[in-house]
There are 2 protein chains.
Amino acid sequence: MIDDDRVFKALADPTRRALLDRLFVRDGQTLTELESGVEMTRFGVMKHLRVLEEAGLVVTRRQGREKLHFLNPVPIRQIHDRWIDKYTEVRAAALLDLKAELERDRPEENQ
Amino acid sequence: MIDDDRVFKALADPTRRALLDRLFVRDGQTLTELESGVEMTRFGVMKHLRVLEEAGLVVTRRQGREKLHFLNPVPIRQIHDRWIDKYTEVRAAALLDLKAELERDRPEENQ
DNA sequence: TTGACATGTGACCTTTTGGTCACCTATCTT
DNA sequence: AAGATAGGTGACCAAAAGGTCACATGTCAA
């Protein structure tokens, strides 16, 4: 797992997550289309899309003077497989119990 | 979903992911224990643990003068549920097909 | 072939993040 | 009580990330 760092860093920005959301609603959008609906100039959006593409979360295809952007959920699935394999159900249950216990002791300090 | 941002930002740093890994191997470690094994001063580790705790990825419990750190996989599960619900299997399959198609056209441009 | 359109690049600035350190408090042990 | 141990705070600095802009290239359509 060599570039999980790129994927995590790409997902760390809210604008980029919003772009992924928009691509999920309608796949294959151009830069100009994605630009509208984000409070940012074209250049900012372009940078974000580049980060997403380099992380493998977005795949692109040129079509004439347009560049179509497609969502690629595979890296997200890979992350999932990594963590959920490790932090198993049993462990999750145990920690949920601990969390409940902590909240009984100090209810105001936890969400 | 109000503080998904904190969770994603917390996961964006490789040191913090390493700390989660260490906690997975052995849960309930103290700051001093976690400090050894990371190329960083105690203060850096403390900051990272604080970020993880504020994101809800780590839960702590004071025991005398020690502070025990426990892994909380729940936020990761929540992220998983969020994305995998949206980017479904069908979609993943379709995009993997697209990716394969793109790699047939321009093999050198994709990993 | 000219003008409009879609995207790309590099320089630049501001904000955020990562990391260290001096100093401080709390707790244990004897 | 005193030294050792575990953790905490605030200031500080360097590096990275986010965002904008002037300018440039490639493509379409009349």
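Both backbone and side-chain heavy atoms feed into the values below; hydrogens, waters and symmetry mates do not.
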Measure [atom1]/[X] against [atom2]/[N] and give the value in whole Å, please.
{"X": "K67(B)", "N": "dT9(D)", "atom1": "NZ", "atom2": "P", "value": "8 Å"}
{"X": "R50(B)", "N": "dG8(D)", "atom1": "CZ", "atom2": "P", "value": "9 Å"}
{"X": "Q29(A)", "N": "dA6(C)", "atom1": "CD", "atom2": "P", "value": "14 Å"}
{"X": "M40(B)", "N": "dT17(C)", "atom1": "CE", "atom2": "P", "value": "16 Å"}
{"X": "R62(B)", "N": "dT27(C)", "atom1": "CZ", "atom2": "P", "value": "7 Å"}
{"X": "K9(B)", "N": "dG18(C)", "atom1": "NZ", "atom2": "C1'", "value": "15 Å"}
{"X": "L19(A)", "N": "dG19(D)", "atom1": "CG", "atom2": "P", "value": "10 Å"}
{"X": "R65(B)", "N": "dC24(C)", "atom1": "CZ", "atom2": "C1'", "value": "17 Å"}

Let's test your reading of the model: under 3.5 Å, does the base of dG8(C) pair with the side chain of R42(A) as donor and acceptor?
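Looking at the base of dG8(C), it does pair with a donor or acceptor on the side chain of R42(A) (distance under 3.5 Å).
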Categorize [X] for me: base, sugar-phosphate, or nothing, with a 4.0 angstrom heavy-atom threshold over every strand shown.
{"X": "G44(B)", "value": "base"}
{"X": "K47(A)", "value": "base"}
{"X": "M46(B)", "value": "base"}

Side-chain donor-acceptor pair under 3.5 Å between T30(B) and E66(B), yes or no?
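No.
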After noting the C-alpha distance and the side-chain angles of E54(B) and D3(B), does the key distance pass the side-chain contact (heavy atoms from CB on, under 4.5 Å) rule?
CA-CA 10 Å; E54(B) 287 178 345; D3(B) 55 358; over 6 Å; no
Options dT9(C), dA6(C), dG19(C), nucleotide nearest the side-chain atoms of H48(B):
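Nearest nucleotide to the side chain: dG19(C).
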When you look at K47(A) and M40(A), which way does the side-chain contact (heavy atoms from CB on, under 4.5 Å) test go after all the steps?
CA-CA 11 Å; K47(A) 272 198 179 179; M40(A) 196 178 300; over 6 Å; no
Decide side-chain contact (heavy atoms from CB on, under 4.5 Å) for L34(A) and H48(A); before the verdict, give the C-alpha distance in whole Å, the side-chain angles of both, and the deciding distance to 0.1 Å.
CA-CA 11 Å; L34(A) 289 169; H48(A) 284 305; over 6 Å; no
Does [N] have its OP1 or OP2 closer than 4.0 Å to a side-chain nitrogen or oxygen of [X]?
{"X": "T41(A)", "N": "dC21(D)", "result": "no"}
{"X": "T30(B)", "N": "dA6(D)", "result": "no"}
{"X": "T32(A)", "N": "dT7(C)", "result": "yes"}

Could you pick out which residue, E66(A) or F43(A), lies toward the 5' side of DNA chain C when each is mapped onto its nearest nucleotide?
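With E66(A) and F43(A) compared, the 5'-side residue is E66(A).
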G64(A) or D13(A): which one's nearest nucleotide on DNA chain D is closer to the 5' end?
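So the residue in question is D13(A).
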K9(B) backbone acceptor or donor facing R16(B) side chain under 3.5 Å:
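Indeed, once roles are kept as given, a pair shorter than 3.5 Å links the two residues.
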